[in-house]
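Written below as C-alpha cells is the structure these notes are about.
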Amino acid sequence: MVLRYTAPKGTRDVLPSEAEIWQQLEGLFHSLAELYGYREIRTPIFERTELFLRGLGEVTDIVQKEMFTFTDRGGRSLTLRPELPAGTVRAFLEHNLAEEGPVCKFRYFGPAFRQERPQAGRYQQFTQYGVECFGSRDPASDAEVIDLAMAFLERAGLAAVELRLNSIGCPICRPAYRSRLLAYLTARVGELCPLCRERMEKNPLRILDCKSPSCRAVVAAAPLTVEHLCPACAEHFAAVKDYLTSLGRSFILAPHLVRGLDYYTNTVFEVVAPGLGAQDAVIGGGRYDGLIETCGGPPTPGVGFAGGLERLLLALAAAGAGPREKRVPLVFLAPLGAAPKELAVRLAHEMRTTGLRVDLDYRSRSLKAQLREADRQGARVVVILGEDELARGKAALKWLDGGGQEEIDLSVLVAYLREKTCSE
RNA sequence: GUGGGCGUAGUUCAGCUGGUCCAGAACGCCAGGUUGUGGCCCUGGAGGUCAUGGGUUCAAAUCCCAUCGCUCACCCCA
C-alpha cells in the first residue's frame with residue numbers, strides 16, 4: 001500500500017470510534033472542575049516566543065530544544081504553545097483578572113506542541129488539560145488541586161494510580177539546600193553519569209531524579225529537600241499532607257521527585273499509572289509562587305496540575321478500563337421499493353427534527369442487508385416500510401433486542417417512537 | 001540529537017536458512033443459503049505492484065545497500 005500522505009510525525013488521528021471516549025473524558029473533566037470552582041479559559045494555540053522563554057525558564061529542555069517556533073511576516077517570533085499554563089498566566093495578567101477577586105481559578109483543555117522524538121505516551125501534538133489556582137498561598141489549595149486531579153482520574157476509570165508527593169522548598173530555603181547538595185555531589189562527582197556532571201552547573205536538583213543506576217546510588221545518600229525546608233515551607237508541606245489525609249487521598253512521599261520546569265516551588269507531585277512504559281506520569285503539577293512574577297505580573301502565588309489526555313487514554317487501555325459508552329438509541333429506517341424510500345427520506349428528516357437519532361441505507365438493498373446494517377450500527381429498532389404496509393397506512397417496527405415486531409399507524413409513528421426510545 | 005526493532009489484504013498477523021508463494025489465515029466487508037426479516041451457522045466473492053528505489057542471483061516478500069515511514073528506548077516531560 002503506497003500512501004501519498006501520512007499524518008505528520010508525532011501526531012495522530014482520533015477516529016470516530018475513539019472520539020466518543022474523548023468527548024466523555026473532556027466532558028467529565030469540565031463538569032468535575034466546574035464543581036471545584038475552576039472556570040474554563042481558552043487561550044491561543046500560539047503565543048509570542050518570549051512568553052515561553054520567561055515563563056518556562058531559558059535553560060529548560062522545552063525551551064532549548066522542543067519548541068515549534070516560527071516567524072510571522074512581520075518578523076515576530078511566535079511559538080506553538082508547549083504547555084498551557086504560560087498562556088493562562090498571560091491572559092490573567094493582560095485582562096487584569098486578579099481584580100475580579102483575590103483567588104482566580106481556571107481550567108483549560110486543548111492541544112499543545114513539542115518538537116521531540118515521539119515514543120509511547122509522547123506526541124508532538126498532545127492534549128493538555130489542567131487547572132490553575134492563582135492568588136492563594138494556603139496549603140488547602142494545594143490539597144484541593146491534588147484532590148481534583150485524583151477525582152478526575154478515579155471517575156475516568158483509572159483506579160490503580162500512585163500519587164507521588166514532595167516539596168522542593170522556596171527561594172529562601174533552596175539556595176542553602178542547593179549548596180549542601182552540591183557539596184555532597186562534588187565529593188562523589190566521579191560516580192555521576194556524564195549528563196549529571198553537566199547538571200551540576202545548571203540544575204543540580206535534577207540529579208536527584210536521574211535514572212542512571214550509578215547516579216541513583218550516589219543520590220541515595222544525598223541530602224533531601226524535605227530535610228532542609230525553611231520553617232514556613234516545612235509547615236506548608238505538613239499542612240498539605242494533613243489535608244490530603246483528611247480528604248482520604250493517600251500519597252507516597254517521593255523525596256527525589258523534582259519537576260523539570262523551573263517555576264515550581266514548595267509542593268510538587270505527579271500521578272503515575274501502570275502499563276505506560278517509560279512515560280508513566282499521567283498528571284504532574286505543583287505550586288509555582290514565582291511564575292506570575294516571572295511573567296511580568298505582581299507577586300502572586302499559584303498551584304495547579306496538568307495532564308495529557310493521550311496518556312490517560314493509554315493508561316485506561318492498559319488497565320482495561322474506561323468510561324462506559326452510552327449512546328442515544330438509534331432508529332433505523334428500512335424502505336423496500338421506490339415509493340417507500342421517498343417516504344423514508346421524509347420521515348428521517350421529520351424524526352431528526354423531533355430529536356430522534358435516525359439513520360438509513362440509501363443503497364436500496366435487500367431487507368436482509370438493511371437489517372444487517374441496522375444491527376451493525378447497534379440500532380434499537382428498525383422501521384420496515386414496505387409496499388404492503390404503506391397500502392394500509394402502517395409501518396412495521398422490529399425491535400432488535402428481541403422485543404418482537406408490531407405494526408403502527410404512520411400517523412402516530414413518530415410520536416410512538418419518541419415515547420418508546422426517549423423515555424430512558 | 002543518539003541507539004534498538006519493524007514495514008506483507010481494511011485490521012491483526014503467518015510466510016523470511018531464496019525456487020509449486022504471479023503470496024496465505026483470522027477478523028472485517030459484500031453476496032447467497034430465506035423471491036420482505038438482523039445477530040449464530042454454512043457457502044461463495046471482492047480486496048495486496050509483499051513501504052520505495054537499486055543491487056546480488058537462472059530465480060527475491062525472503063539476501064545486501066540506500067531512502068522514506070512507523071515504533072520503542074535514552075534525554076525530558078503530559
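First the proteins, then the strands, lettered A, B, ... as listed; each starts at 1. What's counted below: heavy atoms across the whole structure, side chains too, no hydrogens, waters or symmetry copies.
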Exercise for the section: Could you measure between the two C1' atoms, the one in G15(B) and the one in C72(B), and give it in whole Å? Expected result: 25 Å
Completion exercise
To the nearest angstrom, the CD-P distance between E116(A) and A78(B) comes to 10 Å
Exercise for the section: Answer with base, sugar-phosphate or nothing: what part of the nucleic acid does G130(A) contact at a heavy-atom distance below 4.0 Å? Expected result: nothing
Problem - Any strand: nucleotide that pairs with C22(B) via Watson-Crick or wobble, under 3.5 Å - result: none
Exercise for the section: Can you tell me, in whole Å, how much space there is between the P of A61(B) and that of G19(B)? Expected result: 10 Å
Handout entry: Sequence-aligned protein contact record of nucleotides 32-37 of chain B, with B where the base is within under 4.0 Å of a protein heavy atom and S where only the sugar-phosphate is
Key = -B--BB
Problem - C1' spacing across the pair G5(B) / G44(B), given as an integer number of angstrom - result: 40 Å
Exercise for the section: Pick the C1' atom in C30(B) and in G4(B), then give their distance to the nearest Å. Expected result: 43 Å
Practice task
Calculate, to the nearest 0.5 Å, the distance between atoms CD and CZ belonging to Q128(A) and F113(A) respectively.
Solution key: 11.5 Å
Problem - Distance in angstrom units between Q115(A) CD and G1(B) P, rounded - result: 9 Å
Problem - E83(A) CD - A78(B) P separation (whole Å) - result: 8 Å
Exercise for the section: In whole angstrom, give me the gap between the P atoms of U11(B) and G48(B). Expected result: 13 Å
Handout entry: U71(B) and G47(B), which share atom name C1', separated by this distance in whole Å
Key = 27 Å
Practice task
Would you mind checking if R122(A) and E310(A) are paired as a salt bridge, meaning a charged N to carboxylate O distance below 4.0 Å?
Solution key: no
Problem - Whole-Å C1' distance, C65(B) and C22(B) - result: 26 Å
Practice task
Just grab all the side-chain hydrogen bond (donor to acceptor under 3.5 Å, both in side chains) pairs involving residues 335-344 of chain A, residues at least two apart or on different chains.
Solution key: none
Problem - C1' atoms of C21(B) and U67(B), separation to the nearest Å - result: 27 Å
Completion exercise
Here the gap from H256(A) atom NE2 to R216(A) atom CZ, rounded to the nearest 0.5 Å, amounts to 9.5 Å
